[in-house]
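Counting convention: from 1, in listed order, for ligands and their atoms alike.
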Amino acid sequence: MRLARTLALLAIATILVAACAAESTPGWTFAPTPIPTAAPATEAPGTAGPTTAPGETPGGGGGGGSGVLIKISAQGIAFDTDTLEVPADTPFQIEFANNDAGIPHNVAIHEGTPTGPEVWVGEIFNGVETRVYDVPALPAGAYGFICTVHPNMAGTLTAK
Ligand SMILES: [Cu+2]
């Protein structure tokens, strides 16, 4: 009989332990809750913009097409060249050096000839100063470039 009681007590003890274990289980249910909080923390590193920026830099450098820069200067109310050539369908830059002190110049691009329809106009500024113009892509074709202030300053520009 004593053995039976002992077994009964053990059985009860086992049930209690199981109950405790069962109680602790619900406790773990709350564990996943903090995870969503950790999620934002994970997104932060993912937002690592710096990682993207360095990637763009080499990309921009590699894009030789977007790095096209042509140079032209003005002195004595005349351009240093009357012929320019640029890549077609590609944005490019014009580094324009106005070497005439106190005299305003600019570079404008016209369709066909320097007196044709205006395609693009660079800002007019006094010398001595050098500025870099950003020029949008031009379809292949013949153009003329001209100084808006001095129509005698002109030349041909070819996009191809
Ligand atoms: Cu001019």
Please report how many protein N/O/S atoms lie under 2.8 Å from the Cu ion (ligand 1). 3
Test of understanding: clusters of I, L, V, M, F, W, Y form through side-chain heavy atoms closer than 4.5 Å, transitively. Do Phe145 and Phe125 belong to the same one? yes
Would Thr115 and Thr113 count as having a side-chain donor-acceptor pair, cut-off 3.5 Å? yes
Decide whether Ile109 and Phe79 are clustered together by the hydrophobic rule: side chain heavy atoms of Ile, Leu, Val, Met, Phe, Trp, Tyr closer than 4.5 Å, transitively. yes
CA sep, side-chain torsions, deciding dist, call: Thr130, Glu95, side-chain contact (heavy atoms from CB on, under 4.5 Å): CA-CA 7 Å; Thr130 296; Glu95 182 182 291; 3.7 Å; yes
Run Asp134 and Gln93 through side chain to side chain donor-acceptor pair (under 3.5 Å) and show every step you take. CA-CA 5 Å; Asp134 287 308; Gln93 293 182 307; 2.7 Å; yes
Group every Ile, Leu, Val, Met, Phe, Trp and Tyr by side-chain heavy-atom contacts under 4.5 Å, then state whether Tyr143 and Met153 land in the same group. yes
